Amino acid sequence: MSNSLPSPPPEPLDVGTLASWLGGGLALFGGLEAIGLGYLGVGLTLLAGAVAAFPPFHRAIAAILGVAIPGWIRLGVFVVTAFAAGSLLPPGALTPPAPAPSEPLKPVAPKPATPAPQQPAATQPLPGPKVLLDIRGAGTKSTERFATTGSDWDLHWSYDCTGIGMTSNFIVRVVGDDGPTTMGVNQYGGGGEEDTDHFHQGGTFYLEVASGCRWHIVATDAR
């Protein structure tokens with residue numbers, strides 16, 4: 001006489017059996033996940049449902065008891081344990097966390113426009129001295145009158161005696177309203193000479209030129 005328990009009859013492959021496989025798998029992984037998240041009671045409840053619903057666990061129990069429970073009954077046990085596990089969850093455990101309030105967009109201040117580089121002002125040339133008298137000639141001559149605008153004025157002169165082939169005098173007398181002044185030029189040579197004399201007595205004048213050469217005289221206000 002054998003002491004071993006009778007083997008349970010083979011389990012029919014029906015919808016209940018297939019559903020118990022699915023439910024047992026969900027309970028097994030759900031229970032392990034719940035324990036990993038710290039919900040021990042929920043996890044143990046789901047694992048108990050997996051034992052009741054998952055065929056490998058059920059077959060071990062059926063081998064001990066010698067009774068095979070139909071798959072749809074095991075599925076019902078899983079559903080009951082799933083509801084029981086859900087009741088053990090704290091309020092709000094399944095509610096996804098509210099998204100953090102987004103900060104309002106701050107208006108971006110426009111960047112100040114970069115001023116265009118200023119072009120350096122064009123340097124205006126300094127005005128030249130005012131020409132009071134500009135005369136050319138040869139020999140002796142008396143010029144027209146001219147008036148200086150200040151007390152300082154210049155007399156630019158040149159003479160050239162190469163045309164007569166000899167040396168000669170070049171004399172310029174500055175005559176004012178009261179007669180001849182101490183200002184003037186007195187040169188002697190072969191010509192091709194030029195220079196500028198600076199005078200510091202203003203007024204109205206004319207020039208008396210005496211020379212045997214060709215000459216050029218320009219009177220200007222000093223800068």
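Just so it is clear, the structure is predicted and the values come from calculations on it, not from any experiment. All values below come from the heavy atoms of this structure, side chains included, with hydrogens, waters and symmetry mates left out.
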S.K.: Below 4.5 Å, heavy atoms only, C-beta onward: do Phe205 and Leu133 meet side chain to side chain?
M.R.: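 Side-chain contact under 4.5 Å: no.
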S.K.: With Phe199 as reference, evaluate Thr181, Asp152, Leu155, Thr148 under the side-chain contact (heavy atoms from CB on, under 4.5 Å) test and give the passing residue.
M.R.: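 Among the candidates, only Leu155 passes.
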S.K.: Kindly write out the residues that satisfy side-chain contact (heavy atoms from CB on, under 4.5 Å) with Ser158, not counting sequence neighbours, or none if the list is empty.
M.R.: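 Checked Ser158 against side-chain contact (heavy atoms from CB on, under 4.5 Å); matches are Glu194, His216.
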S.K.: Atom CG in Leu132, atom CG in Asp221: separation rounded to 0.5 Å?
M.R.: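 So the gap between those two atoms works out to 4.5 Å.
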S.K.: Between Phe146 and Trp153, is any pair of side-chain heavy atoms under 4.5 Å apart?
M.R.: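 Counting from C-beta outward, Phe146 and Trp153 do come under 4.5 Å.
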S.K.: Using the rule given for side chain to side chain contact (heavy atoms under 4.5 Å, CB included), can you reason through Lys141 versus Ile135, listing the C-alpha separation, both sets of side-chain angles and the distance that settles it, and then say yes or no?
M.R.: CA-CA 10 Å; Lys141 187 174 183 65; Ile135 187 170; 3.5 Å; yes
S.K.: Table please: side-chain donor-acceptor pairs of residues 185-192 below 3.5 Å, with sequence neighbours left out.
M.R.:
| residue | atom | partner | partner atom | Å |
| --- | --- | --- | --- | --- |
| Tyr188 | OH | Thr167 | OG1 | 2.8 |

S.K.: Taking the side chain as every heavy atom from C-beta outward, state whether Ser142 and Glu208 have any pair of such atoms under 4.5 Å apart.
M.R.: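 In short, these two side chains touch, coming nearer than 4.5 Å.
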S.K.: For a 4.5 angstrom cut-off between non-hydrogen side-chain atoms, does His156 reach Val131?
M.R.: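 SC-SC contact between His156 and Val131 ruled out.
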S.K.: Please check: side-chain N/O of Thr143 versus main-chain N/O of Leu207, any donor-acceptor pairing under 3.5 Å?
M.R.: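 Such a contact is found between Thr143 side chain and Leu207 backbone.
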S.K.: Got a donor-acceptor contact below 3.5 angstrom from the Ser211 side chain to the Asn169 backbone?
M.R.: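 Confirmed, Ser211 side chain pairs with Asn169 backbone.
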S.K.: Inspect the surroundings of CG in Asp178 and state if more than 12 heavy atoms from other residues, nucleotides or ligands are less than 6.0 Å away.
M.R.: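 At most 12 heavy atoms, drawn from other residues, nucleotides or ligands, come within 6.0 Å of this atom.
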